[in-house]
Number of protein chains: 2
Amino acid sequence: MEDQDNHIPFNDADIDRAARCLKAMSHPLRLKILCVLGNNSILGKDQFSVQDIVKQVGTSQSNISQHLAILREKDILKSTKEANQVFYTIHDDRMLQLIKMMREVFCGNC
Amino acid sequence: MEDQDNHIPFNDADIDRAARCLKAMSHPLRLKILCVLGNNSILGKDQFSVQDIVKQVGTSQSNISQHLAILREKDILKSTKEANQVFYTIHDDRMLQLIKMMREVFCGNC
DNA sequence: TCTCAAAATAGAAATAGCGCTATCTTTTTG
DNA sequence: CAAAAAGATAGCGCTATTTCTATTTTGAGA
């Protein structure tokens, strides 16, 4: 019963998936996008157009669009097209929960 | 009362700090290091030498050392030197809590 | 149809991150 | 003292990200 081969059963697939997801969230602009959407998912407004996001976050439309694409590809956000505009929301409850957790940890009492 | 200038008061400093922290965590090897340390902080073993981590995570000593440095610089881990060895632990309770949250979200029922 | 606005995309340049080998410091041991 | 072991660090080539400008696509309205 030596310690050869008693590694903890961490599922590498889970870890890779989590790392990809966290990486997608770990950019200041993307995190701010998530804060805007997450905060308002709680308060009531759950639809944000790209233009809304551009105004709230503050950078070029092109830049926002690319960051939104990254978040969309990773299933962190989902989009709905309505006529001329595209609206974005947090993809599911798990993501919303994660965003709330992060705000507690990073924006709480520090 | 138009919507000009009703941006939500997100503290950009908080967001930047959070993004840097998340970025440091969002690499498969670093996340695995955190899982190893976090899991054992719960179970009782709270001291892991670099060699222990190398064995558990599975890559070169040099590579682990560099990733540990990144986690240390961001105050996610702290280290204690005892004679020949250096032991690593999760820096504080907030980080431990965050790691637990992530495991719930990513390794829960999926 | 013509034009405008919303959103996405392409291409390019700069920067950052990764992992490797080799080297260096510090401590233990013979 | 010499050799070995534990960690940390430096330098290098490579790949991935980021952000910018310019362009394209799609739908709305005069």
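Numbers restart at 1 for each chain; the letters A, B, ... are given by sequence-line order, proteins then strands.
A distance-only check finds no donor-acceptor pair linking the side chain of Ser65(A) to the backbone of Ser62(A) [under 3.5 Å].
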**Asked** Could you write nucleotides 12-24 of chain D as a row of B, S and -, 5' to 3', where a protein heavy atom under 4.0 Å of any base atom gives B, of only sugar-phosphate atoms gives S, and otherwise -?
**Response** -----SSBBBB--

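Nucleotide dG7(D) holds its P atom 9 Å from the CD1 atom of Ile53(B), rounded to whole Å. Between the CZ atom of Arg20(B) and the P atom of dG17(C) there is a distance of 11 Å, given to the nearest Å. Between the CD atom of Gln85(A) and the P atom of dC4(C) there is a distance of 19 Å, rounded to whole Å. If you take CZ of Phe87(B) and P of dA8(D), they are 12 Å apart, rounded to a whole angstrom. One can place NZ of Lys81(A) at 14 Å from P of dA6(C), the figure rounded to the nearest angstrom. The distance between atom CG of Asn84(A) and atom C1' of dG27(D), rounded to the nearest whole Å, is 5 Å. Rounded to an integer number of Å, the gap from Gln47(A) CD to dA6(C) C1' is 16 Å. Note: CG (Leu68(B)) to P (dT9(D)) measures 11 Å, nearest angstrom.
Partner of Met95(A) under the side chain to side chain contact (heavy atoms under 4.5 Å, CB included) criterion, chosen from Ile76(A), Leu37(A), Leu77(A): Ile76(A).
Going from atom CZ of Arg17(A) over to atom CG of Leu22(A) covers 10.5 Å, rounded to the nearest 0.5 Å.
Within the structure, a side-chain polar atom (N or O) of Tyr88(B) is placed less than 4.0 Å from OP1 or OP2 of dA8(D).
Between Lys78(A) and Asp92(A) there is no salt bridge, since none of the side-chain N atoms of the basic residue sits less than 4.0 Å from a carboxylate O of the acidic one.
Residues Arg30(A) and Leu34(A) fail the side-chain proximity criterion, which asks for heavy atoms closer than 4.5 Å.
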**Request:** Might you work through the salt bridge (charged side-chain N to carboxylate O under 4.0 Å, His left out) test for Asp14(B) and Arg103(A), ending with a clear yes or no?
**Result:** CA-CA 9 Å; Asp14(B) 277 353; Arg103(A) 187 150 35 201; over 6 Å; no

